[in-house]
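Inspection log for the structure reproduced underneath, given as structure tokens.
Chain naming here is simple, since letters A, B, ... match the order of the sequence lines and numbering starts at 1 in each. Note that the coordinates shown come from a computational prediction; the quantities given were computed from them, not determined experimentally. Keep in mind that the numbers below use all heavy atoms, side chains included, and drop hydrogens, waters and symmetry copies.
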Amino acid sequence: MILPLSKVNIFRIGALLFGALILLFNSSCKDKPQADPCLNNYELQPLLIQYADSLIQPSYAELQEDLQNLEQSIINMQSNADLSKLQEARSLFREAYNQWQFAAIYEFGPAETHALRNRFNNFPLNESQARAKIDAEDYDFSDLSAYAQGLPAIDFILSGLAEQNDIVIDSLNGNPKYLAYAKEVIVHLNLHLTEVISEWSTYREGFISSTGTAAGESISLLVNAINEHFEFIKRNKIGIPSGALSLGFTNPTEVEAFYSGFSVELAESAIKASEAMFKGRSGEGLEELLRHVGAEKNNLLLADLIINQYSEIRFEMGQIDDPLKNSVDQQTDQVLRAFNSLNQQVIHLKSDMPSVLCTSITYVDNPSDSD
Amino acid sequence: MIEEIRYKLSQKRSIAPLVTFRVAFGLLMFFASIRFWYKGWIDTLFIEPDFFFKYPGFHWVEALPETGLKTVFLFMIICSLAIALGYRYRAALIGFILSFSYFELLDASNYLNHHYLVVLFAFLLLFIPANRAFSLDLFFRRVEARDEVPYAYIFILCLQIAIVYSFAGIAKINSDWLLRAMPLQIWLKEQSALPLIGSLLALPATAFVFSWFAMIYDCTIAWFLFMKKTRTWAFITVIIFHSLTALFFNIGIFPAIMILSNLIFFSPETHLKWYRKFKVFFRSDLHRRKSRVSMQYILAVYFILQIAIPLRSHFYPHSVFYSEEAYRFSWRVMLLEKAGIARFTIEDKESGKWMEVNNRRYLTEFQEKQMAIQPDFIHQFAQFLADEYSRKGVEPIVRVDAHVTVNARTSEQLVDPAVNLISVENSIKPKPWILPERQE
């Protein structure tokens, strides 16, 4: 007998302890039971097919078309630029830049491999670096941390060389390096976009058959993607220019599309893209998933809260006049209101949504063990 | 009854189980430390961060420069080997406790229950003469051989393990764990890619079976290990249970600690039988004088604290899962899938201008994740931000918009967003600036 106590005593103590356990039972049944927590009874594949075929791949195809049109308009100007050609190029650029907002959101898989976000839209442009590259006819765009390429460089060449259009046209005609650089930038973007498109045709298979919830599975990629994109809108498109990250000191030069000035429009497109991604297509999307799991917050459906918040954001953004570089100083309070409405949505998208879908939002793995 | 207990505890037993425990503990710590270094965690956890979260009362513990840190770590590795070999046993234990605790105290965001358990085991070993047999101390005649020890020495280790299991079991008796199979459901589903058993693990029923089994296991396993009749089967269950957890979860050395330390429950005869198989023989005791357990009263206080500390959560108004007041040192393991976002704003009192803080400028990704779910860390970070901005000439008000999600629910606002965090207290007392949980 190694026991310090007799068996009878052990059972007596055991029974006492068990009684104590019942008393300690922490009954906090405050939530309504979720309809289907963790998507156990949801067929994810149709949803993933919708994302792949109706949202992701079409967004790339449209962007590619817009880039080709833009490239053609630049080539047209190379022979001899004039006002109508310039205006055409600017309007095609605007179209492509807006369309980019829809493609930018899906930065995983092939797009991540090709770092599309860095290639397309590192802003604000480092003007002196861009000028130096233009002058040196340096068409090496492989440095992803450079801020002298992508769409911001086109913005500069089409709208940033001077205030008056005739001076811009004179500059373009006087120094062929500008348009040559613009063309090379687009060729480079198109090259990578074309590769992304072709890689998606094989990536698609794995994407639609990855139906788990762990980090790296498709649903987690989508939830991460919408969040990263949304943070970028909040922080880079609105936050930094507005001074919300710098004690109220505004940064008008840090806006997107600084030279052509349609920054608010681009932010609105990005928000539209985010909303479109949230809604998905044909009744298959993140919105539907949230309805399926029955996620509620303060007795309201989380899906409705998010939809309402998108419309509030659209309303607040609609009150800001382009160009944003002026509005940040002239309408500071309104810009900050828009910033705060974006913040509200971050709580829903980044905290609530991944939680109720049982999918992890980041790749933050414990650097050590957990317990 | 007290007399009976005293009598049982003072009965002589072979020292063999203690020797097993000493060697297993020392070797495990030796390999675990090497693994820790090899994985580069000294760098990621202690060298890379610019800011460290502190334990109450231990704000003075600072990270040494890289060479200093690595020297201390090397010292810890040597100490654990010395424990296993029984070489300058007590000094090695003290060295180990100090160096191990140093690394634990450096950054509270790294808190792990099983690291706390390691410190407790090492502390208990200080009282236990586990170097009186099969040790270098004996070989060098530093100590006298002792083949028999009072049962109390074995019992305190068993008791420690029983406390860990029991509190871990009690903590599992809650509605999330038993009625929603949370968070196991989330975690098992993430394993759905495992070959053969993956699809089985993704079933909600599996999560319920595992949840209930784990609760019953934790609540009862110590009793089954105590009883001779059930001991062998209980130990087989221990091996299966902890091996499964090792397979499914990223919990490092915890399964090994539990499996090895549970060997202490086996009778001295069983230990001796195995030693004989490996040709290790224990000399019979030459000094059969009456021996007393040293420092009984310290041990009594120690165990009262071990029972009281996990129960302290009942003195806090918020649910412990939500506020994490009284969460640590209470054997609440694997209970939460918790995530949070904490958005700090700094307002200049004078100008009224404000700004949002980029947390990642000061914290590693892991630290930010830990900070966002624990109010005491939120407060520490707010204090740090206040110091940073005061230096820049701002008279700061620091507020936080913090939201946490627990076990697949929607988020709750954790901290009063209107409160200036530097004007409130952060101690072990209940924190009135934590918002009550949402009642629906």
Would you mind checking if B:Arg409 and A:Glu296 are paired as a salt bridge, meaning a charged N to carboxylate O distance below 4.0 Å? no
Taking only residues at least two apart or on different chains, which pairs with a member in residues 245-256 of chain A satisfy salt bridge (charged side-chain N to carboxylate O under 4.0 Å, His left out)? A:Lys237-A:Glu256
Compare every heavy atom of B:Ile341 with every heavy atom of A:Ile347, then report the nearest pair and how far apart it is. CA-CD1, 3.7 Å
Are A:His348 and B:His403 side-chain neighbours, meaning at least one heavy-atom pair lies under 4.5 Å? no
Considering the options B:Val404, B:Thr405, B:Ile186, which one meets the side-chain contact (heavy atoms from CB on, under 4.5 Å) requirement together with A:Ser355? B:Thr405
Chain B heavy atoms under 4.5 Å from A:Ser246: which part of the residue, side chain, backbone, both or neither? backbone
For A:Glu231, all residues meeting salt bridge (charged side-chain N to carboxylate O under 4.0 Å, His left out), sequence neighbours excluded: A:Lys350
Is B:Val394 in contact with chain A via its backbone, its side chain, both, or neither, using a 4.5 Å heavy-atom distance? side chain
Can you tell me which portion of B:Ala202 sits under 4.5 Å from chain A's heavy atoms? Options are side chain, backbone, both or neither. backbone
What is the distance from atom CG of A:Leu336 to atom CH2 of B:Trp354, rounded to the nearest 0.5 Å? 5.0 Å
Within a 6.0 Å radius of atom CZ on B:Arg360, are there more than 12 heavy atoms belonging to other residues, nucleotides or ligands? yes
Can you see which heavy atom on B:Lys353 is nearest to which on A:Leu247, and at what distance? CB-O, 3.5 Å
Where does A:Phe339 contact chain B at under 4.5 Å (heavy atoms): side chain, backbone, both or neither? side chain
Choice from B:Asn358, B:Ile346, B:Thr364 maximising heavy atom contacts with chain A below 4.5 Å: B:Asn358
A:Leu302, part contacting chain B, at a heavy-atom distance under 4.5 Å: side chain
Heavy-atom side-chain proximity of A:Asn343 to B:Glu356 below 4.5 angstrom: yes
Between B:Lys189 and A:Leu39, which heavy-atom pair has the shortest distance, and what is it? NZ-O, 3.5 Å
Would you say B:Phe224 has more than 12 foreign heavy atoms packed within less than 6.0 Å of its CZ? no
Is the closest side-chain donor-acceptor distance between B:Ser411 and A:Asp352 under 3.5 Å? yes
Evaluation steps, side chain to side chain contact (heavy atoms under 4.5 Å, CB included), between A:Val356 and B:Thr410: CA-CA 6 Å; A:Val356 299; B:Thr410 50; 3.7 Å; yes
Considering only heavy atoms and a distance below 4.5 Å, find which of A:Ala244, A:Gly212, A:Gly248, A:Cys358 pairs most often with chain B. A:Ala244
